[in-house]
Visitor: 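Sharing a structure, written as structure tokens. Questions coming.
Owing to the predicted nature of the structure, the values given are computational and were not obtained by experimental measurement.
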Amino acid sequence: MNTVKCQRLSELINNTWTILMRERKNILLKDLETIPKFPFLKENPSQINFSKIFTPIQLVSSKSNLVVDENFDDIKSFQKILIDEENKRILIRGDAGMGKTYHAMKILHSWVHDDTFLDNCLLLYIKLGAVQRTASKESLVDELFTNNFKRDSCITKELFQYFFEQTECKEKMILLLDGADELKYEDSIFNDIVKKCNFTIYPVIVWARNWKIRHVSDTYDFVFDINGFNERQLKIYFEKFFNEDNLPDLKLPFYHNKSHKKLTTNCFHHDGKVIKKSDILFQMLKTENKEVFNICNSPLIACLVAGIWEERDTNIIGTRYSIFDQSIQILLTKAGIDSKSNDYTKILEYCSKLAFENLLYNKEISINEIVKKSDYIGGLLIPVKKKSSMTQFKDFTFIHIFFQEYLTARYIINLYQDSKKNESMIQSLKTYFDKLENLFLLKNVFSFLQEINYKVFSQIIEENENILMVLETDQRIIDIINRRHSNLIELESISLPTTIINIIFNSYKRNIKEINFKFVKINLPNFIEICTSQLENILEIFKINGGIEELLEIEIVKKLMTKMQKLRVLSITNVFFNGCLELSSFIQSTTIEDLTLENCNLQKCSPRFLNMKFKCLYYFNISENQFEGKE
């Protein structure tokens, strides 16, 4: 082929790549033009332009030298990271409702509207909770194509596949994988992309919940944590929600409900001055309802509070948990179910029963005509399996655990209010409450009970006083128990009494593969005794950094290495041992691959302490210790 023909072919390919990007952007332009202000109903008349509602979110760098402050422009920084050939994997972690999906949408929105942002790149977005079993490279192409291009598009699957397989395109195609914690299939190729650092040549940005992704965080070049809104960002969000961000700020006088009279949909007046509705809401929460104000750091909760405020003409958020009751009322009303109708009562009773049985007994959520009529409780029930032309939704879950816990509390209240009719159910519930670990799983349910119906709550705690102890327990312990399917216990800067340790182990059914403690106050010899007796053939990783106040015998290190049959990683840092262990025989391990004893006060130990035999050790760290003796 002569030079002219080569040049023409090159121009044709470049033009085709431009068409490919343009088509993808056109599709996104329609998808991201507006979004519902109230986030659940599909048919929602209250729509808002995406760019007018998105608010910066606290983003903290947890694995890089990148300095992050309140003015951190995450989108521009991502561009800097991605154009560096050494940095191809970015992880964004955050709890439910903290804004992970909106953050992904912001990146896509910036790419569509800002020609300088990742120009000449193609961004491919996948919601991982909806993907089918995708085990091969061919099925990967299918999934990426069907989720990013339409059937009537000018871009064919064959054309997309051509570019996807070209080596020179590896820097141009960026995979945005949202909801890695919702991926259902272990053998999916997406699971390999999420967990393995060298599995794909394409740059990858992954969003996932903290507890589900921590064990593979080390495979990423950059890791960020989404911490929701700070006070400044929450105020900005309320302004955007009520379309007031272009209105001038006026100093708000001391807030009092009765001192403000309604003027318009979005504004109020006080002494002749126009005051923004968002200012009234922000100040009311901050001064009169601190509990609700604090949980508004979650963008999901902030959205619900603002939505209720707008729908109900203000002055309606009386308690921390009333936002869930009122949200359900609004959602069902928008679905055509009046709150005073018999259908409303039936829907609420049935869905409360579903929430209760699924939360306590892991019973599958079954859908009947009542639920369908309510548009799946206004969108609170969502499918966890993809719907295709061949199959129907089979599995459903609640869009947020808070709503399920609220409905569970309502169901328990109904049981106790008709105790004679429900005597057997109540007895079964009491038996469930007898297990202490079950109480921890229901901490938020008990908080709802206490708020909604104190009479029923009082009756329940009379029967089981341990509930009060659970309500006073640090929320981080509750979160650990709720994550019992993750095989990982990770805690930082907390006290951990033996009673709680046993509860955690029982809730995990002793299926714990990794323990990672940082500055956790604990009786370490007792904890190791529990581990060696209950996790001998299970535990693979044991890491502890500080938190132990007393001097310990080095014998416990020997016990861990010799007793734990599957222990691969043992890391003890900033834990001080007392004196030397005179060994009558070698410490031997056939499983340990990584051993760290850093800053452990081993200065009195002779070199004989290092007489250890390992079959597969590849990393050994005893830094920050001063060894004595010449042996």
Side-chain angles (χ1 to χ4, degrees), residues 318-333 335-378 380-381 395-471 482:
T319 66
R320 175 181 177 182
Y321 298 114
S322 66
I323 58 177
F324 299 99
D325 181 51
Q326 294 181 73
S327 295
I328 291 173
Q329 285 185 31
I330 292 170
L331 291 169
L332 287 179
T333 299
I337 311 295
D338 188 271
S339 61
K340 296 180 181 179
S341 67
N342 290 332
D343 281 346
Y344 184 90
T345 303
K346 289 179 182 178
I347 290 168
L348 214 54
E349 287 178 353
Y350 182 74
C351 291
S352 296
K353 185 173 184 288
L354 290 180
F356 171 85
E357 293 176 342
N358 179 260
L359 186 63
L360 273 68
Y361 305 113
N362 202 30
K363 185 176 178 180
E364 183 178 301
I365 293 176
S366 57
I367 303 301
N368 63 8
E369 290 304 315
I370 292 176
V371 177
K372 291 179 182 178
K373 184 177 180 180
S374 70
D375 196 14
Y376 301 95
I377 329 178
L380 292 182
L381 280 178
D395 295 342
F396 282 78
T397 187
F398 284 87
I399 196 168
H400 199 286
I401 186 66
F402 283 162
F403 284 101
Q404 184 170 12
E405 289 166 336
Y406 168 76
L407 290 169
T408 297
R410 285 186 60 100
Y411 185 77
I412 293 173
I413 289 169
N414 290 337
L415 289 179
Y416 274 83
Q417 285 180 333
D418 195 352
S419 55
K420 290 185 178 179
K421 178 182 177 181
N422 300 310
E423 186 175 350
S424 61
M425 281 291 298
I426 291 174
Q427 189 56 49
S428 176
L429 191 59
K430 290 178 182 178
T431 302
Y432 184 88
F433 288 165
D434 285 339
K435 292 185 177 181
L436 199 55
E437 58 266 29
N438 289 340
L439 299 183
F440 281 92
L441 294 174
L442 300 178
K443 180 184 178 182
N444 287 332
V445 173
F446 294 131
S447 296
F448 276 118
L449 285 169
Q450 189 175 15
E451 186 73 47
I452 300 168
N453 192 316
Y454 193 78
K455 182 179 179 181
V456 170
F457 175 75
S458 298
Q459 184 178 344
I460 291 174
I461 62 174
E462 283 179 11
E463 298 164 351
N464 195 324
E465 294 182 355
N466 285 329
I467 292 172
L468 292 176
M469 181 267 289
V470 168
L471 288 172
N482 285 336

Visitor: With rounding to the nearest 0.5 angstrom, report the CD1 to CG distance, I413 to D418.
Guide: 14.0 Å
Visitor: Other residues, nucleotides and ligands only: do more than 12 of their heavy atoms fall within 6.0 Å of OH on Y361?
Guide: yes
Visitor: Could you tell me which non-hydrogen atom of L415 sits nearest to which non-hydrogen atom of N422, and how far apart they are?
Guide: O-ND2, 3.3 Å
Visitor: Take atom NZ in K430; do more than 12 heavy atoms of anything else shown fall under 6.0 Å from it?
Guide: yes
Visitor: At what distance, to the nearest 0.5 angstrom, does CD of Q329 lie from CD1 of I337?
Guide: 13.5 Å
Visitor: Once the angle between the rings of F356 and Y411 is folded into 0 to 90°, is it parallel (under 30°), tilted (30 to 60°) or perpendicular (over 60°)?
Guide: tilted
Visitor: Any idea which heavy atoms bring T397 and I365 closest together, and the distance?
Guide: CA-CD1, 4.0 Å
Visitor: For Y454 and F457, what are the C-alpha separation, side-chain angles and deciding distance, and is it a ring-ring contact (aromatic ring centres under 6.0 Å, His included)?
Guide: CA-CA 5 Å; Y454 193 78; F457 175 75; 5.7 Å; yes
Visitor: Considering non-hydrogen atoms only, spot the tightest contact between S374 and A335 and give its length.
Guide: O-CB, 3.5 Å
Visitor: So how far is it from Y416 OH to K455 NZ, rounded to the nearest 0.5 Å?
Guide: 13.5 Å
Visitor: Among L471, I467, V445, which residue satisfies the side chain to side chain contact (heavy atoms under 4.5 Å, CB included) criterion with Q450?
Guide: L471
Visitor: May I ask you to test the I370-D343 pair for a side-chain heavy-atom distance under 4.5 Å?
Guide: no
Visitor: Is a donor on one side and an acceptor on the other found under 3.5 Å between the side chain of N438 and the backbone of Y432?
Guide: yes
Visitor: Judged by atom type as modelled, is there a donor-acceptor pair below 3.5 Å linking the side chain of N453 to the main-chain atoms of V456?
Guide: yes
Visitor: When rounded to the nearest 0.5 angstrom, what distance separates OG in S327 from CZ in F402?
Guide: 12.5 Å
Visitor: How long is the gap from CD1 on I323 to CD1 on I330, to the nearest 0.5 Å?
Guide: 11.0 Å
Visitor: Run through I460, I452, L360, I426 and flag the one making a side chain to side chain contact (heavy atoms under 4.5 Å, CB included) with I412.
Guide: I460
Visitor: Answer whether the closest heavy-atom distance between the side chains of L407 and L380 falls below 4.5 Å.
Guide: no
Visitor: Determine whether the aromatic ring centres of residues F433 and F446 are separated by less than 6.0 angstrom.
Guide: yes
Visitor: Does the side chain of L354 come within less than 4.5 Å of F396's, by heavy atoms?
Guide: no
Visitor: Verify salt bridge (charged side-chain N to carboxylate O under 4.0 Å, His left out) between K372 and E369, making sure each step is shown before the conclusion.
Guide: CA-CA 5 Å; K372 291 179 182 178; E369 290 304 315; 3.8 Å; yes
Visitor: What pair of heavy atoms forms the shortest contact from G378 to L332, and how long is it?
Guide: N-CD2, 4.2 Å
Visitor: Looking at E463, I'd like to know if its CD atom is crowded, meaning that more than 12 non-hydrogen atoms belonging to other residues, nucleotides or ligands lie closer than 6.0 Å.
Guide: yes
Visitor: State whether a side-chain donor-acceptor pair under 3.5 Å links D338 with Y344.
Guide: no
Visitor: Would you check if K353 and N414 make a side-chain contact, meaning some heavy-atom pair closer than 4.5 Å?
Guide: no
Visitor: How about Q404 and N358: does a side-chain donor come under 3.5 Å of a side-chain acceptor?
Guide: yes
Visitor: Do you know the tightest heavy-atom contact between A409 and L449?
Guide: O-CD2, 3.5 Å
Visitor: How about CG on N368, more than 12 heavy atoms from neighbouring residues, nucleotides or ligands closer than 6.0 Å, or not?
Guide: yes
